[in-house]
Amino acid sequence: MTEVYCDIIPQANGWCFLSEEGQSAVYPSYRLAVEAAREYSASQVSIRKVTVLRQQDLRGRMQEIAGIAQAWGPDGTSGMGRRA
């Protein structure tokens with residue numbers, strides 16, 4: 001199975017994600033960028049591909065964030081019961 005990466009990266013005025021198709025629009029918050037990347041990856045479902053969401057750490061390395069992205073509830077709250 002092929003892994004396809006969708007990278008969440010910071011921009012001067014927010015956050016965006018990079019995919020096979022290029023750069024997304026810039027979102028004002030990290031949470032909105034992750035949600036958009038998750039929706040994008042769901043729309044790109046393929047039997048032979050698995051989309052991996054990643055974020056850039058402070059040293060420029062890409063780290064998988066699937067667990068973080070799944071922690072946000074549909075109402076915008078975190079798993080801790082607090083608003084983001």
Side-chain angles (χ1 to χ4, degrees):
M1 197 161 283
T2 303
E3 287 186 343
V4 178
Y5 297 106
C6 189
D7 299 334
I8 312 297
I9 59 170
Q11 296 291 309
N13 56 345
W15 295 83
C16 74
F17 66 89
L18 300 176
S19 66
E20 291 180 315
E21 295 178 10
Q23 181 177 322
S24 73
V26 176
Y27 297 90
S29 72
Y30 174 80
R31 190 188 90 199
L32 291 174
V34 170
E35 288 175 359
R38 194 167 42 184
E39 288 177 19
Y40 168 79
S41 64
S43 72
Q44 301 296 312
V45 173
S46 172
I47 295 171
R48 308 189 95 176
K49 293 182 181 179
V50 174
T51 302
V52 178
L53 295 180
R54 304 185 305 177
Q55 85 175 39
Q56 190 174 27
D57 69 9
L58 295 175
R59 294 185 178 166
R61 296 174 296 197
M62 301 309 290
Q63 297 184 349
E64 188 172 344
I65 60 167
I68 296 170
Q70 293 168 358
W72 294 104
D75 61 352
T77 58
S78 69
M80 303 295 286
R82 298 184 196 122
R83 292 283 300 165

Worksheet item: Does some side-chain heavy atom of Ile9 sit less than 4.5 Å from a side-chain heavy atom of Cys16?
Response: yes

Fill in: Spatial distance of atom CZ (Arg38) from atom SG (Cys6) [nearest 0.5 Å]
11.5 Å

Practice prompt. Would you kindly confirm whether Leu53 and Met62 end up in one hydrophobic cluster when ILVMFWY residues are joined by side chain heavy atoms under 4.5 Å apart?
Written response: no

Fill in: Trace of the side chain to side chain contact (heavy atoms under 4.5 Å, CB included) decision for Val52 with Val4
CA-CA 6 Å; Val52 178; Val4 178; over 6 Å; no

Worksheet entry | Centroid-centroid under 6.0 Å between Tyr27 and Trp15 rings | no

Item to complete: Starting from the C-alpha separation in whole Å, work towards a yes-or-no answer on side chain to side chain contact (heavy atoms under 4.5 Å, CB included) for Tyr40 and Glu21.
Response: CA-CA 11 Å; Tyr40 168 79; Glu21 295 178 10; 3.6 Å; yes

Practice prompt. Given side chain to side chain contact (heavy atoms under 4.5 Å, CB included), test Ile8 with Arg54 step by step and report yes or no.
Written response: CA-CA 6 Å; Ile8 312 297; Arg54 304 185 305 177; over 6 Å; no

Worksheet item: What distance do Asp7 atom CG and Ser19 atom OG have between them, rounded to the nearest 0.5 Å?
Response: 9.5 Å

Worksheet, complete the sentence: Separation between CZ (Phe17) and CG (Leu32), nearest 0.5 Å, reads 12.0 Å

Worksheet item: Do Ser41 side-chain atoms and Thr51 backbone N/O form a donor-acceptor pair below 3.5 Å?
Response: no

Discussion item. What I'd like to find out is whether the side chain of Gln55 reaches to under 4.5 Å of the side chain of Glu64, using heavy atoms alone.
Written reply: no

